[in-house]
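In what follows, a single structure is set out as structure tokens and then discussed.
These numbers come from the heavy atoms of this one structure, side chains and all, not from hydrogens, waters or symmetry mates. Bear in mind that the values here come from a model prediction, so they are computed numbers and not experimental data.
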Amino acid sequence: PTQRIAPVPNTYERLSLRGNNLQAFPAGGLADLYLLTVLNLSSCQLEGLLPRTLPPKLRSLELQDNRLSGAVDLSGSPELVSANLNQNMFSEVVANSFDGMAA
């Protein structure tokens with residue numbers, strides 16, 4: 001059976017579940033984690049698409065070494081300054097996805 005991330009208190013600012021066998025994002029997405037600034041879900045065997053909505057204050061996103069696919073669109077994350085999406089199976093990057101990120 002697919003294991004999902006259990007509900008996380010929305011008061012967290014940093015969350016690292018690196019290396020756990022999670023396989024899927026929460027059904028409701030991650031937007032409710034409105035204080036979250038750092039998220040590390042690398043090496044979690046995550047499959048499927050990126051959630052459409054990420055936490056609004058997210059500044060650092062680590063999703064490397066998973067099985068994520070589809071399009072990368074981070075344009076709805078204006079606070080994001082760092083994203084590691086290496087070693088996934090994305091098919092495209094949506095225009096302007098990385099606008100505003102620190103070089």
Side-chain angles (χ1 to χ4, degrees):
T2 300
Q3 297 178 17
R4 293 187 179 271
I5 300 170
V8 175
N10 61 6
T11 57
Y12 286 13
E13 293 181 16
R14 295 172 173 263
L15 179 64
S16 177
L17 297 171
R18 184 178 191 276
N20 285 281
N21 183 20
L22 300 176
Q23 298 177 336
F25 289 103
L30 300 168
D32 289 343
L33 301 173
Y34 53 85
L35 295 178
L36 201 65
T37 60
V38 177
L39 179 61
N40 186 339
L41 297 175
S42 58
S43 304
C44 286
Q45 299 182 31
L46 292 170
E47 296 180 351
L49 307 174
L50 280 175
R52 294 183 73 100
T53 308
L54 294 170
K57 294 185 178 185
L58 194 64
R59 296 183 56 77
S60 175
L61 179 63
E62 300 286 330
L63 291 174
Q64 69 271 19
D65 194 25
N66 283 293
R67 300 178 194 139
L68 298 169
S69 58
V72 173
D73 185 358
L74 300 174
S75 59
S77 300
E79 300 292 321
L80 199 62
V81 295
S82 172
N84 187 340
L85 306 173
N86 291 330
Q87 297 178 358
N88 282 286
M89 300 182 297
F90 295 114
S91 57
E92 67 176 304
V93 175
V94 174
N96 304 322
S97 284
F98 300 103
D99 285 2
M101 288 183 69

### Task
Among residues two or more places apart or on two chains, list those pairs meeting salt bridge (charged side-chain N to carboxylate O under 4.0 Å, His left out) that have a residue in residues 28-40.
none

### Task
Any chance you could pull the hydrophobic cluster mates of L35, using side-chain heavy atoms under 4.5 angstrom and chaining through other members?
Y34

### Task
Answer yes or no: is there a side-chain heavy-atom contact under 4.5 Å between L58 and S77?
no

### Query
Shortest non-hydrogen contact from L74 to L80?
CD1-CD2, 3.7 Å

#### Entry: Flag side-chain contact, heavy atom, 4.5 Å: L68 against F90
yes

## Note on the structure
Heavy-atom nearest pair, A31 first then P56, reads O-CD, 3.8 Å

### Residue pair N84 / L61, side-chain heavy-atom distance below 4.5 Å
no

### Query
Can you hop from L50 to V38 via hydrophobic side chains spaced under 4.5 Å?
no

### Query
Can you check side-chain hydrogen bond (donor to acceptor under 3.5 Å, both in side chains) on T37 and R59, steps first, answer last?
CA-CA 5 Å; T37 60; R59 296 183 56 77; over 6 Å; no

### Query
Hey, are the side chains of F25 and L49 touching, using non-hydrogen atoms and a 4.5 Å cut-off?
no

### N88 side chain to N86 backbone, donor-acceptor under 3.5 Å
yes

### Nearest-0.5 Å distance, CG of residue N66 to CD of residue Q23
10.5 Å

### Task
Would you check if L17 and N40 make a side-chain contact, meaning some heavy-atom pair closer than 4.5 Å?
no

### Query
What residues join V94 in its hydrophobic cluster, counting side-chain heavy atom gaps under 4.5 Å, either direct or through other members?
none

### Query
Closest heavy-atom contact between A71 and S91?
N-OG, 4.2 Å

### Task
For the pair E79 and K57, find out whether any cationic side-chain nitrogen is under 4.0 Å from an anionic carboxylate oxygen.
no

### Query
Is it true that a side-chain atom of D73 and a backbone atom of S75 form a donor plus acceptor pair closer than 3.5 Å?
yes

### Message
Tell me whether D65 contacts the main-chain N or O of S43 through its side chain, where contact means a donor paired with an acceptor under 3.5 Å.
### Response
no

### Summary
Closest heavy-atom pair, L46 versus A24, reported as atoms and distance to 0.1 Å, is CD2-N, 3.5 Å

### Query
Which atoms form the tightest heavy-atom contact between Q45 and R67, and what is the distance?
OE1-NH2, 3.8 Å

### Query
Going through the checks in order, is the side-chain hydrogen bond (donor to acceptor under 3.5 Å, both in side chains) test met by E62 and Q64?
CA-CA 6 Å; E62 300 286 330; Q64 69 271 19; 3.3 Å; yes

### Message
To the nearest 0.5 Å, what is the distance between CG on L41 and CG on N20?
### Response
9.0 Å

### Intermediate values then yes/no, side-chain contact (heavy atoms from CB on, under 4.5 Å), L85 and V72
CA-CA 9 Å; L85 306 173; V72 173; 3.7 Å; yes

